[in-house]
Visitor: 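Input: one structure, supplied below.
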Amino acid sequence: MQHILIPTDYSLNAWNAIKYAFQLFKEERVVFHLLHVNTSRSLSKEKNLHTAGFFSFDEVDSELDHKMDALFKQASAKNNNRNHKITTSIVKGRFIEHIREYVKTNTIDLIVMGTKGASGIKEITVGSST
């Protein structure tokens, strides 16, 4: 059984990567790992603070949990292949470090990612995280 990691930021590009992976591996036994890495640095460190545009970690965690649940339901509805299993995870911290750790811990065979391309490469990193 193959293990395929699909990092997601809940964007259309990330969704397209999920659909592409489902189609590409339709004949294979696969566990698809949907992973969101929360790299936000602009959050308030105080609990329950929602003033001046700041959100508490609890509010962000709740929103990310909701988005991941919705993504899992959408992916499961899109893919009824009995040879496929979908798992989800959300972690906090640095993107590359968590991807490396996840690959080692879960014996990932392949990473599938969606990106807008190289047009914004100068802004942050390729596709913001890719």
Side-chain angles (χ1 to χ4, degrees):
M1 181 171 286
Q2 292 187 3
H3 290 261
I4 298 175
L5 174 60
I6 309 175
T8 183
D9 60 1
Y10 309 110
S11 68
L12 179 58
N13 288 323
W15 173 244
N16 287 337
I18 293 167
K19 292 189 310 182
Y20 178 80
F22 288 165
Q23 182 62 29
L24 186 63
F25 294 96
K26 66 183 175 185
E27 303 296 329
E28 307 290 329
R29 292 185 63 214
V30 178
V31 177
F32 293 99
H33 299 258
L34 307 182
L35 173 68
H36 176 79
V37 181
N38 179 5
T39 61
S40 180
R41 296 180 200 112
S42 62
L43 302 175
S44 166
K45 291 185 179 179
E46 297 178 38
K47 297 286 185 186
N48 301 319
L49 179 63
H50 185 78
T51 59
F54 291 98
F55 296 90
S56 74
F57 287 109
D58 290 339
E59 288 174 307
V60 172
D61 288 347
S62 177
E63 178 66 20
L64 292 176
D65 286 342
H66 175 71
K67 284 183 174 185
M68 186 58 85
D69 288 343
L71 180 61
F72 176 78
K73 289 176 185 173
Q74 183 181 14
S76 296
K78 176 72 177 169
N79 185 9
N80 58 5
N81 190 324
R82 292 182 183 179
N83 289 322
H84 293 173
K85 179 181 176 186
I86 302 168
T87 68
T88 62
S89 297
I90 300 173
V91 295
K92 294 178 191 175
R94 295 180 177 220
F95 183 80
I96 298 298
E97 291 173 8
H98 281 294
I99 294 294
R100 286 180 180 149
E101 181 181 327
Y102 198 93
V103 165
K104 288 178 187 175
T105 303
N106 295 280
T107 318
I108 298 297
D109 299 299
L110 179 71
I111 301 173
V112 176
M113 299 181 95
T115 181
K116 291 182 181 180
S119 62
I121 197 166
K122 296 177 186 175
E123 292 175 17
I124 302 175
T125 57
V126 178
S128 76
S129 293
T130 311

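When reading the values below, keep in mind they use all heavy atoms of this one structure, side chains included, and skip hydrogens, waters and symmetry mates.
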Visitor: Please name the pair of heavy atoms, one in Leu35 and one in Met68, separated by the smallest distance, quoted to 0.1 Å.
Guide: C-CE, 4.3 Å
Visitor: In residues 103-110, what donor-acceptor pairs under 3.5 Å come from side-chain atoms, sequence neighbours left out?
Guide:
residue	atom	partner	partner atom	Å
Thr105	OG1	Glu101	O	2.8
Asn106	ND2	Tyr102	O	3.1
Asp109	OD2	His3	N	2.8

Visitor: State the OG1-CD distance between Thr39 and Glu97, to the nearest 0.5 angstrom.
Guide: 11.5 Å
Visitor: Taking all atoms of both residues into account, what is the closest heavy-atom pair of Ala21 and Ile6, and its distance?
Guide: CB-CD1, 3.8 Å
Visitor: Where do Phe22 and His84 come nearest, in terms of heavy atoms and distance?
Guide: O-CE1, 3.6 Å
Visitor: Working to the nearest 0.5 Å, report the span between CG of Leu34 and CD1 of Ile86.
Guide: 6.0 Å
Visitor: If you take all heavy atoms of Pro7 and Val112, which pair is closest and at what distance?
Guide: CD-O, 3.5 Å
Visitor: Is there a side-chain contact between Ile111 and Ile99 (heavy atoms, below 4.5 Å)?
Guide: yes
Visitor: Checking Ser89 now: which residues fulfil side-chain hydrogen bond (donor to acceptor under 3.5 Å, both in side chains) with it, not counting sequence neighbours?
Guide: none
Visitor: Which donor-acceptor pairs under 3.5 Å do the side chains of residues 23-31 make with protein atoms, sequence neighbours left out?
Guide:
none

Visitor: Is it true that the side chains of His36 and Thr8 contain a donor and an acceptor less than 3.5 Å apart?
Guide: no
Visitor: Which pairs count as side chain to side chain donor-acceptor pair (under 3.5 Å) when at least one residue sits in residues 10-21, sequence neighbours excluded?
Guide: Asp9-Ser11
